[in-house]
A.B. asks: 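My questions all concern the structure below.
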Amino acid sequence: VTGKVIAGITMSLDGFVCDQHGSLAKLYSDFDMLQEAPAFQAAIRDTGAVVMGRRAFAMGDPDAYADHYEFQVPIFVLTHAAPTQHPKESSTLTFTFVTAGLEQALTQAKQAAAGKDVQVIGGPDTIRQCLRARLCDELHIDLVPVLLGEGLRLFDGLDPDGVTLERISSAETTPVRTSFVFRVVR
Ligand SMILES: NC(=O)c1ccc[n+]([C@@H]2O[C@H](COP(=O)([O-])OP(=O)(O)OC[C@H]3O[C@@H](n4cnc5c(N)ncnc54)[C@H](OP(=O)(O)O)[C@@H]3O)[C@@H](O)[C@H]2O)c1
């Protein structure tokens with residue numbers, strides 16, 4: 001573990017990170033197999049904190065993270081307004097709502113991670129900000145061979161000349177999932 005900031009997301013072959021209704025169902029049909037994958041278990045072991053955007057946070061039941069989320073670590077949620085009801089926490093999974101911007105969220109997350117990696121798990125708006133400001137060390141794209149047709153695209157609105165990536169590795173993580181690891185050149 002090297003205390004990296006990793007932005008990671010799962011993408012359809014036609015470039016979407018959720019369908020037109022915001023659903024991830026088709027992108028995670030292999031979720032049970034993924035949980036058994038050594039790369040996934042290594043990511044869980046090496047992750048000391050998670051950063052997510054408020055819309056990604058609000059996708060499911062906010063009280064379900066404490067018992068069901070794979071990363072049982074402090075979570076930092078970017079928002080302009082923290083929810084009035086604080087979500088359920090566990091002994092290791094806590095929630096901090098950060099209204100002072102991405103850099104502040106990452107500073108707090110790195111501190112909480114204490115030398116382990118910080119995972120920025122999305123959504124696309126949040127990851128774009130990381131790439132734009134060169135605030136992540138690596139971009140992890142998991143490609144699955146489904147077509148979604150419509151939805152949110154990760155790279156929409158990014159200056160194509162503003163992002164330079166170098167491939168570090170690629171791997172067949174599950175029978176349907178190919179995991180690309182890119183270095184974000186600063
Ligand atoms: N494929 C995958 O692996 C994956 C993973 C995660 C999410 N997703 C998809 O991503 C979608 C959501 O992505 P998204 O791009 O719409 O949103 P997002 O990045 O999850 O969240 C955006 C929200 O975060 C807050 N925020 C972001 N930057 C901020 C800043 N600098 N300062 C303060 N607040 C900030 C704002 O919340 P407020 O509006 O509260 O101010 C903003 O509306 C979901 O539908 C989900 O399906 C996919």
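All values reported here derive from a predicted model rather than from experimental measurement. Read the numbers this way: they start at 1 and go in the same order the structure lists the ligands and their atoms.
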A.B. asks: Please state which part of Phe97 comes within less than 4.0 Å of ligand 1, counting heavy atoms only: side chain, backbone, both or neither.
C.D. replies: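 Under 4.0 Å from ligand 1, Phe97 contributes no heavy atoms.
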
A.B. asks: Within the 4.5 Å heavy-atom criterion, are Val73 and Thr92 side-chain neighbours or not?
C.D. replies: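 Side chain of Val73 against side chain of Thr92, heavy atoms only: no contact under 4.5 Å found.
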
A.B. asks: Regarding atom 46 (C) of ligand 1: of the candidates Met59, Glu103, Met52, Met11, which has the closest heavy atom?
C.D. replies: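 It is Met59 that holds the nearest heavy atom.
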
A.B. asks: Return the closest protein heavy atom for atom 21 (O) of ligand 1 as residue, atom name and distance.
C.D. replies: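 Residue, atom and distance for the closest contact: Arg55 N, 3.3 Å.
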
A.B. asks: Which of these, Thr10, Leu78, Val98, has its nearest heavy atom closest to atom 25 (C) of ligand 1?
C.D. replies: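 Minimum heavy-atom distance to atom 25 (C) of ligand 1 goes to Leu78.
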
A.B. asks: With no hydrogens and no angle check, is any side-chain donor or acceptor of Thr79 less than 3.5 Å from a backbone partner on Ala81?
C.D. replies: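 Checking the backbone N and O of Ala81 against the side chain of Thr79, a donor-acceptor pair under 3.5 Å is found.
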
A.B. asks: Using a strict cut-off of 4.0 Å, indicate which atoms of ligand 1 neighbour a heavy atom of Leu27.
C.D. replies: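 Result: 1 (N).
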
A.B. asks: Looking at Gln119 and Met52, would you say the former's side chain and the latter's main chain have a donor-acceptor pair under 3.5 Å?
C.D. replies: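 Looks like no, no N/O pair under 3.5 Å.
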
A.B. asks: Can you tell me the protein heavy atom closest to atom 5 (C) of ligand 1 and the distance?
C.D. replies: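 Going atom by atom, the protein heavy atom closest to atom 5 (C) of ligand 1 ends up being Ile121 O, 3.3 Å.
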
A.B. asks: N/O of Val17 under 3.5 Å from N/O of ligand 1, yes or no?
C.D. replies: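 N/O-N/O distance below 3.5 Å exists for this pair.
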
A.B. asks: Sequence neighbours excluded, which residues qualify as salt bridge (Lys or Arg N to Asp or Glu O under 4.0 Å) partners of Lys88?
C.D. replies: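 Residues passing salt bridge (Lys or Arg N to Asp or Glu O under 4.0 Å) with Lys88: Asp67.
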
A.B. asks: Closest non-hydrogen protein atom to atom 18 (P) of ligand 1, residue and atom name please, with distance?
C.D. replies: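 Going atom by atom, the protein heavy atom closest to atom 18 (P) of ligand 1 ends up being Gly123 N, 3.6 Å.
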
A.B. asks: Determine whether the aromatic ring centres of Phe76 and Phe97 lie less than 6.0 Å apart.
C.D. replies: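 No, the ring of Phe76 stays outside the 6.0 Å limit from the ring of Phe97, centre to centre.
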
A.B. asks: Looking only at protein heavy atoms, identify the closest one to atom 37 (O) of ligand 1 and say how far it is in Å.
C.D. replies: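 I find the closest protein heavy atom is Arg54 CB, 3.4 Å.
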
A.B. asks: Does the ring center of Phe95 lie less than 6.0 Å from the ring center of Phe57?
C.D. replies: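 Ring-ring flag for Phe95/Phe57: true, centres closer than 6.0 Å.
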
A.B. asks: Using heavy-atom distances only, which candidate in Gln104, Gln129, Arg128, Arg153 approaches atom 29 (C) of ligand 1 most closely?
C.D. replies: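 Among Gln104, Gln129, Arg128, Arg153, the closest heavy atom to atom 29 (C) of ligand 1 comes from Gln129.
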
A.B. asks: Give the table of side-chain donor-acceptor pairs shorter than 3.5 Å for residues 147-169, with sequence neighbours excluded, one pair per line with atom names and distance.
C.D. replies:
residue, atom, partner, partner atom, Å
Arg153, NH1, Asp14, O, 3.3
Asp159, OD1, Asp161, N, 2.9
Glu166, OE1, Arg183, NH1, 2.9

A.B. asks: Identify the closest protein heavy atom to atom 41 (O) of ligand 1: which residue and atom is it, and at what distance?
C.D. replies: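 Looking at atom 41 (O) of ligand 1, the protein heavy atom closest to it is His80 ND1, 2.6 Å.
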
A.B. asks: Arg55 and Thr126: side-chain donor and acceptor closer than 3.5 Å?
C.D. replies: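 The answer is no; no qualifying pair exists.
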
A.B. asks: At a non-hydrogen distance cut-off of under 4.0 Å, which region of Leu152 contacts ligand 1 (side chain, backbone, both, or neither)?
C.D. replies: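 For Leu152, the contact with ligand 1 is made by the side chain alone.
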
A.B. asks: Between Thr99 and ligand 1, which part of the residue brings a heavy atom under 4.0 Å of the ligand: side chain, backbone, both or neither?
C.D. replies: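 No part of Thr99 comes within reach of ligand 1.
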
A.B. asks: Pick, from Ala25, Cys130, Ala56, Cys18, the option with the minimum heavy-atom distance to atom 20 (O) of ligand 1.
C.D. replies: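 It is Ala56 that holds the nearest heavy atom.
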
A.B. asks: Which part of Leu24 is near ligand 1, with near meaning a heavy atom under 4.0 Å away: side chain, backbone, both or neither?
C.D. replies: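 Contact part for Leu24 vs ligand 1: side chain (C-beta onward).
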
A.B. asks: Between the side chain of Gln104 and the main-chain N/O of Thr99, is any donor-acceptor distance below 3.5 Å?
C.D. replies: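 Absent.
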
A.B. asks: So which of Ser23, Gly22, Ser12 gets nearest to atom 47 (O) of ligand 1, if we judge by its closest heavy atom?
C.D. replies: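 Minimum heavy-atom distance to atom 47 (O) of ligand 1 goes to Gly22.
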
A.B. asks: Using side-chain heavy atoms (C-beta onward) and a distance below 4.5 Å, is Leu78 in contact with Leu102?
C.D. replies: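 Leu78 reaches Leu102 side chain to side chain.
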
A.B. asks: Does Met33 offer a backbone N or O that forms a donor-acceptor pair with the side chain of Asp30 under 3.5 Å?
C.D. replies: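 Answer holds: no.
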
A.B. asks: Can you tell me the protein heavy atom closest to atom 19 (O) of ligand 1 and the distance?
C.D. replies: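 Ranking protein heavy atoms by distance from atom 19 (O) of ligand 1, first comes Thr126 OG1, 2.7 Å.
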
A.B. asks: Nearest protein heavy atom to atom 4 (C) of ligand 1, by residue and atom, and its distance?
C.D. replies: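 Going atom by atom, the protein heavy atom closest to atom 4 (C) of ligand 1 ends up being Ile9 CG1, 3.7 Å.
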
A.B. asks: What residue and heavy atom of the protein are closest to atom 22 (C) of ligand 1, and at what distance?
C.D. replies: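 Of every protein heavy atom, Asp125 OD2, 3.5 Å lies nearest to atom 22 (C) of ligand 1.
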
A.B. asks: Determine, using heavy atoms of Phe57 and all atoms of ligand 1, whether some pair is separated by less than 4.0 Å.
C.D. replies: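 No heavy atom of Phe57 comes that close to ligand 1.
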
A.B. asks: Contact between Thr47 and Val118 at the side-chain level, heavy atoms closer than 4.5 Å - yes or no?
C.D. replies: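 Contact flag for Thr47/Val118 side chains = no.
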
